[in-house]
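First comes the structure, then the notes that go with it.
Just so it is clear, the model here is predicted, and its values are computed rather than measured. Naming: A, B, ... by sequence-line order, numbering from 1 per chain.
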Protein chains: 2
Amino acid sequence: MPTTNLDETARQILAAASRRFLHYGYKKTTMSEIADDCNMSSGNLYRYFPSKLDIAEMFVRVLRGEQVANLRTVLDAPGRTPAQKVRDFFLLKFKLAYERFHDNAKAFELSSALILERPKVALEWENAEGRVLGEILAEGNADGSFAIDDVPAITKILQNAAYRFTSPAVFHETDEEVLAAELNGVIDLVLDGFAWRSAHRDHGKAAAAGSRS
Amino acid sequence: MPTTNLDETARQILAAASRRFLHYGYKKTTMSEIADDCNMSSGNLYRYFPSKLDIAEMFVRVLRGEQVANLRTVLDAPGRTPAQKVRDFFLLKFKLAYERFHDNAKAFELSSALILERPKVALEWENAEGRVLGEILAEGNADGSFAIDDVPAITKILQNAAYRFTSPAVFHETDEEVLAAELNGVIDLVLDGFAWRSAHRDHGKAAAAGSRS
DNA sequence: CGATTGAACAGTTTATATATTAGTCAGGCT
DNA sequence: AGCCTGACTAATATATAAACTGTTCAATCG
């Protein structure tokens, strides 16, 4: 709930801006228009946000909060094994990203514009989702289905392996069903990797390094 | 060797164009300049190439030929197991892509411009490399280290899993060493997945589907 | 007569002028 | 006082004109 910290007026500004960002795009909405929507002067906006880009950043922060909360439901799903939750996590993440960006050029534009100027926001987003994924992995460690000693490292590896299915730039090329099927293929292989490591608990860095070069 | 099919004059044009593409960029080199380099009129270029874009396409085709030949050396490396060759393949592919695009905006521009208008070229490139990777997998099947029944499907899955490390758009953000280390992490996990499947030869589509949903 | 040219055309890029907008701040309002 | 306004400015974006470039093809060359 990132909006909790915000003033009532700030929240009103954010709501007006969000509506226009999604409908007309980031570049085409002006500060004056946002101000008019809130029945205030454009100058007054700067008492609540340092710049237009910061409004966009807050918008994305809210979106991220919702998405992370959405992904977190995977954790609480009853009757699902950790392995199934890993799959659920990435399929849901893919679905959310696909639905947001496919046939929604405005959302893509806002995202691109923000990430270009504030790369840190993208990193924070990835880390926030990574924490959820890490909890799934920890759960698998606890019930013995996984055997992961460096959870953050494996989290990163999984995010890398699924990158193709979370990078919006590629979405326009391929159909959702096809991509989902390919994502399942990657998850299958990765989970088998976990199964192998779980059966050979002596893996660790030594074994991994040994198999290399 | 894609240039073998070409006329001597066509090869001269291609060489002149390639030099300018890499030095000044695709958009900034004009047909007149290429023609001047070859001591001919601009109109005469069209007796050898239908358009400027086709010169760029041929340039990329040559590049692809070299890259695939380069990757193919991985296959013939003596004393390497198939698993090691899978790693070699992707590390080499990453290194080649990184070196080509990092700090070489011109190569990136040419690639982007071409892929935008001729997406098929990118697909053909991926397929050509996939064939080499498929041969490595087949080798692993032959010596028993892998147990892959649908080699093309697994090839695609591997390419998807390594996408993060072959997509030039991301290269400018992260340092080569870090990316290579992360790629190794993905390969580790994927190879463990192969090991698991090799140890449980009854995997196949039924088992994979069963583990899902 | 086939091979080549370069002027001509249509489309695009660049350069320039005009207009809009993000952000500031001295003052007005409550 | 504290909150808000709206004219102002520097910077960005849009619109318009000029220049250039990819491509064609009738005329020329060998």
Side-chain angles (χ1 to χ4, degrees), chain A residues 5-60 105-106 108-118 121, chain B residues 6-61 105-106 108-118 121:
Chain A
N5 314 324
L6 289 181
D7 194 338
E8 168 65 28
T9 311
R11 231 174 306 168
Q12 187 193 358
I13 293 170
L14 184 58
S18 302
R19 248 176 287 127
R20 288 199 175 265
F21 286 162
L22 285 175
H23 199 56
Y24 302 102
Y26 174 73
K27 288 202 311 186
K28 280 202 169 181
T29 79
T30 72
M31 294 298 266
S32 314
E33 288 170 339
I34 299 172
D36 284 349
D37 289 352
C38 302
N39 294 104
M40 60 177 69
S41 71
S42 67
N44 198 40
L45 294 176
Y46 291 87
R47 295 186 21 84
Y48 297 91
F49 293 95
S51 77
K52 184 184 176 186
L53 198 62
D54 285 281
I55 305 181
E57 178 173 332
M58 187 58 76
F59 171 68
V60 168
K106 301 297 187 289
F108 185 72
E109 184 225 331
L110 177 68
S111 178
S112 304
L114 180 64
I115 272 52
L116 194 72
E117 305 287 326
R118 306 266 168 94
V121 177
Chain B
L6 290 179
D7 194 338
E8 168 64 28
T9 311
R11 231 174 304 168
Q12 187 193 358
I13 293 170
L14 183 58
S18 302
R19 247 177 289 127
R20 288 199 175 265
F21 287 161
L22 284 176
H23 198 54
Y24 302 103
Y26 174 73
K27 287 202 312 187
K28 280 202 169 182
T29 80
T30 70
M31 293 298 266
S32 314
E33 288 171 339
I34 299 172
D36 284 350
D37 289 352
C38 303
N39 295 102
M40 60 176 71
S41 70
S42 66
N44 200 38
L45 294 176
Y46 291 85
R47 295 183 26 81
Y48 297 90
F49 293 95
S51 76
K52 184 184 177 186
L53 198 61
D54 285 280
I55 304 181
E57 178 172 334
M58 187 57 77
F59 170 68
V60 169
R61 289 188 117 85
K106 300 297 186 291
F108 185 72
E109 184 224 331
L110 177 68
S111 178
S112 303
L114 180 63
I115 271 57
L116 193 73
E117 304 287 325
R118 306 262 169 96
V121 176

- Do K28(B)'s NZ or CZ and the ring of F21(B) fall within the cation-pi criteria of under 6.0 Å and 45°? no

- Message: Applying side-chain contact (heavy atoms from CB on, under 4.5 Å) to I55(B) and Y48(B), what does each step give before you reach the verdict?
- Response: CA-CA 9 Å; I55(B) 304 181; Y48(B) 297 90; over 6 Å; no

Euclidean distance, atom [atom1] of residue [X] to atom [atom2] of [N] [Å, nearest integer]:
X: K52(A); N: dA22(C); atom1: NZ; atom2: C1'; answer: 8 Å
X: I55(A); N: dT21(C); atom1: CD1; atom2: P; answer: 15 Å
X: L45(B); N: dT5(C); atom1: CG; atom2: P; answer: 9 Å
X: D7(B); N: dA3(C); atom1: CG; atom2: C1'; answer: 13 Å
X: K28(A); N: dT21(C); atom1: NZ; atom2: P; answer: 11 Å
X: K27(B); N: dG22(D); atom1: NZ; atom2: P; answer: 12 Å
X: L53(B); N: dT21(D); atom1: CG; atom2: P; answer: 18 Å
X: Y24(B); N: dT21(D); atom1: OH; atom2: C1'; answer: 18 Å

- Item | Salt-bridge present (R118(A), D54(A); N to O < 4.0 Å) |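 Yes, this pair counts.
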
- Task: Considering only NZ, NE, NH1 and NH2 on the basic side and carboxylate oxygens on the acidic side, decide whether D36(B) and R20(B) come within less than 4.0 Å.
- Result: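 No, D36(B) and R20(B) are not salt-bridged.
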
Among [options], which nucleotide sits nearest the side chain of [X]?
X: T30(B); options: dG22(D), dT5(C), dG23(C); answer: dG22(D)
X: R47(B); options: dT4(C), dT23(D), dG23(C); answer: dT4(C)
X: Y46(A); options: dT5(C), dA22(C), dT23(D); answer: dA22(C)
X: M31(B); options: dT5(C), dA22(C), dT23(D); answer: dT23(D)
X: N44(A); options: dA22(C), dG22(D), dT5(D); answer: dT5(D)

- Message: What contact category does T29(A) fall into here, base, sugar-phosphate, or nothing, at under 4.0 angstrom with non-hydrogen atoms?
- Response: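 Since only primed, P, OP1 and OP2 atoms lie under 4.0 Å of T29(A), the category is sugar-phosphate.
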
- Query: Taking E109(A) for the side chain and Y26(A) for the main chain, is one N or O donor matched with an acceptor at less than 3.5 Å?
  - Reply: yes

- Side-chain N or O of Y48(A) less than 4.0 angstrom from OP1 or OP2 on dC4(D)? yes

- Message: Pick the closest DNA chain D nucleotide for G43(A) and for S51(B) by heavy atoms, then say which residue is nearer the 5' end.
- Response: G43(A)

